[in-house]
Amino acid sequence: MSTPASYANPKLFWKRWGGLIVTTVLILAAIAYYYAREPHVTEAVLASTLRQSVPLVLGALCGLIGERSAVINIGIEGQMLLAAFIAFMVNVWTGNLLVAVLAGVFIGAVLGLLLAFMSVTLKIDQIIGGTVINILAIGLTGYFYQVGLSAKGKLNPIPLGPLAKIPLIGPVLFDNPPITYAAIILVFVVHYVLFYTPWGLRTRAVGEHPRAADTLGINVYLVRYVNVTIGGALAGLAGAYLSLEAVGSFDRLMTNGRGFVALAVMIFGKWTPLGSFGAALLFGFATALQTQLQFGGKINIPPQFIGMLPYLLTIIVLAGFVGKARPPAADGIPYEKEG
Amino acid sequence: MSENEVYALEVRNIVKRFPGVLANDHVNFNLRKGEIHALLGENGAGKTTLMNIIYGLYTPDEGEIYVDGKKVEIQSPHDAIRLGIGMVHQHFMLVPVFTVAENLVLGAEPTKGWQLDLKAAREAVRRLSEHYGLEVDPDAVVEDLPVGVQQRVEILKALYREAKILVLDEPTAVLTPQEVEELFVIMRELTKRGVSIIFITHKLKEVLAIADRITVMRRGRVVGTTTPAEATEESLARMMVGREVVLQVPKGPAKPGDVVLEVRDLKVEDERGLMAVNGVSFEVREGEILGIAGVQGNGQTELVEAITGLRSAREGKVLLGGVEAPFRRPRFLIEHGMAHIPEDRQKHGLVLSYSIADNLVLCTYYKPPFAHGLQRNQQAILENARRLVKEYDVRTPSIFTPASALSGGNQQKVIVAREFSRPVRLLVANQPTRGLDVGSIEYIHKRVVEMRDHGAAVLLVSAELDEIMSLSDRIAVMYRGKIVAIVNAGEVDKSQLGLLMAGGQLQPA
């Protein structure tokens, strides 16, 4: 799970990748089948899948870089919510979308820093620390929210030239708003940093065996601070996505549990960025399908039940239908220096 | 050696205080280039504290450190590494899920641009293992490796950082006798290549076998420095403990009485469903010690667990005082007079987070005087603790201290106090002195012999042949789940037992 092994042995190769390859082929076949029958619906569902997965994958990245350095971040929901609010307010005041997004990212980072301070320096129980952030965000946004404000502009899709004209793939992958592109790129950036750079190696060492890292001269506290703060920034970007890209305004409690679903996504993805991306797409698909079923009007099921789909999936995933995943060994344990 | 010899490492007048303890009291110590200098002392004598100071994990309150004759400040492991000091900790500092190569370079990674250069890391493992003759596979995941090989990785880690001074903290504690031999070969090889080694231990035989010089510490102070040529096990033990130590507990001949424990055709499976104990029968009488010798992993653990009610057996019977004892009913056994010193004292002997007082009533808390109906009698529990702590000489700040805060020797004393304070007909002691220092070993051995002399039947299991030979009246040798021989203690020597343990046969005399 931590490093790519060598693939000289074909048996090993299939054991490791066989399931993934078969699943991918099946999914592609299913997409082709539906595309042949109902091109527009398929296109819409797939595009919506990707966009629905954006806050989840960003939240999962936030969670996993924290947990890889052994800090559990249960405050992702709060970080997203407050960032969504601040990004929206800054947009209302300045009218500038870029500044608004940066403000959301900044607030997320500040809340990340707060969590790091509570869990690394003060060594508060990390679940409590995260809960503090969630309650803080609900309180602040509820108190300062004013009805009737409207955003000045919204992040709109940017078609990527001729790529956007490719049937099916174009509209789904290459005609998206900026934060969606950013999220996809960030998945690969985090993957690269975590598994192919010294910083990533140190982060994982700190999450598995902090004392070993300490004896090698690695600053355990610094690694945790940096990871949790950057994680907060990622959650902040997810918040900005919600208010500025997905909806174009702010609503009370608009995160709607996505911060917690993101943790399920992270676990489903076995604490890896690529795995989390796959898991986020699955959850995104559940949401997209739910919307399609509700508004497509072809099935006679009460909308409340269809609306449960993504959450049901969360329960199923967390109840352990995904096989054994091993969290970082020191996950959630504050580090005490000796002497 | 001349007066102004330049030492690889020298510490002068090191003082380190912890709350309530003077861990290092004006310690002086020096290390010559290319020597193996053993640092000997009981647990808590201050050896590890001194090494942690040298490695920058603790900062000393007073004193100076010199490397190659130059005064240095060591604030962190980073400084120590820079000065060429490497440390192999008693509990390995390896990331279990990382490969050997990843563990080797962690914290000092080779890079290509921003990228971690794992190819260079693998190459470094190969180069170093070839140069020093330490064979390891760079792509092996550490948690899959045997302990002896993990230790090699630790040594390689230090060498990768170009350590000229290597501190080995109790390196043999976790090794099998054969791995210890291999380690010694490696250590000699390293000194030939200019590495100076500090070897921390409390095992006397090892010190005499490998060290060039020996420094002994006791209660935070250096007692003296000597050489293997001038020292004997007895003299070293005396220096360590500060009084005469009896390495061989005196005991009179056994006076066996009635049979207390009888094991009949016992078959026990291990976790994997393999027959770990495969048809074992023996009996232990009152007033005798039956020692079970054998290389670890030949079914001793499963045998003891079945007898002490921790595991059920496939077939066979265990009779305690003529009554058939049920499996997996430890309370029944305890109430019928069984005492148990388990193999793993931290896992099965104590509840580490409980206070000493609570640990001392773990077998009896539900009975008067410790309980009145549903209520605990705190008064009686504390009184019991105060009495036992005194009687069994448990060194602890208070009876409310959690068991986890005690040293290994004192933890074992708590277990012994608890088990021996009940009426005992059968004592089952599994590896009772593993990891303990000479003083504590002497203590436990004395108590076990005392138990025998009071008429208890004792079943002793140990992988240490010396322990088996010095305590047992009869010796049963276990090999691959079977007892291959039961002999009287006086009638065999060590090499004969070794032969039996390896599956050989005794030649009829």
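Side chains included, hydrogens not; waters and symmetry mates left out as well; all remaining heavy atoms used. Numbers restart at 1 for each chain; the letters A, B, ... are given by sequence-line order, proteins then strands.
- A side-chain contact (heavy atoms from CB on, under 4.5 Å) with Pro198(A) holds for exactly one of Leu106(B), Thr111(B), Asp117(B); it is Thr111(B).
- Side chains of Tyr55(B) and Thr215(A) form a contact here, defined as non-hydrogen atoms less than 4.5 Å apart.
- The contact between His89(B) and chain A is made entirely by side chain atoms (from C-beta outward), counting heavy-atom distances below 4.5 Å.
- Counting non-hydrogen atoms of other residues, nucleotides and ligands closer than 6.0 Å to CZ of Phe106(A) gives a total of 12 or fewer.
- Listed options Arg161(B), Met87(B), His91(B) were ranked by heavy-atom pairs under 4.5 angstrom with chain A; first place goes to Arg161(B).
- Using a 4.5 Å cut-off on side-chain heavy atoms (C-beta onward), Leu216(A) and His78(B) make no contact.
- The shortest side-chain heavy-atom distance between Arg204(A) and Glu102(B) falls under the 4.5 Å cut-off.
- Considering every non-hydrogen atom in both Gly217(A) and Pro77(B), the closest pair reads N-CB, 4.2 Å.
- Contact tally against chain B (heavy-atom pairs below 4.5 Å) for Leu201(A), Thr197(A), Val193(A): the top residue is Leu201(A).
- Contact of Ala80(B) with chain A is not made at all, since no heavy-atom distance falls under 4.5 Å.
- Considering OH of Tyr192(A) and CG of Leu116(B), their distance stands at 9.0 Å, rounded to 0.5 Å.
- The number of heavy atoms from other shown groups lying within 6.0 Å of OH (Tyr354(B)) does not exceed 12.
- Remark: the backbone N or O of Gly107(B) is paired with a side-chain donor or acceptor of Arg202(A) at under 3.5 angstrom.
- For a residue to count as touching a neighbouring chain, one of its non-hydrogen atoms must lie under 4.5 Å from one of that chain's; by this rule Lys112(B) does not touch chain A.
- Ser76(B) contributes atom OG, which lies 12.0 Å from atom CD1 of Ile218(A) (distance to the nearest 0.5 angstrom).
- In this structure the side chain of His209(A) never reaches within 4.5 angstrom of the side chain of Leu94(B), judged on heavy atoms.
- For Arg82(B), no part lies near chain A; criterion is any non-hydrogen pair under 4.5 Å.
- Atom CD of Gln115(B) has more than 12 heavy atoms from other residues, nucleotides or ligands within 6.0 Å.
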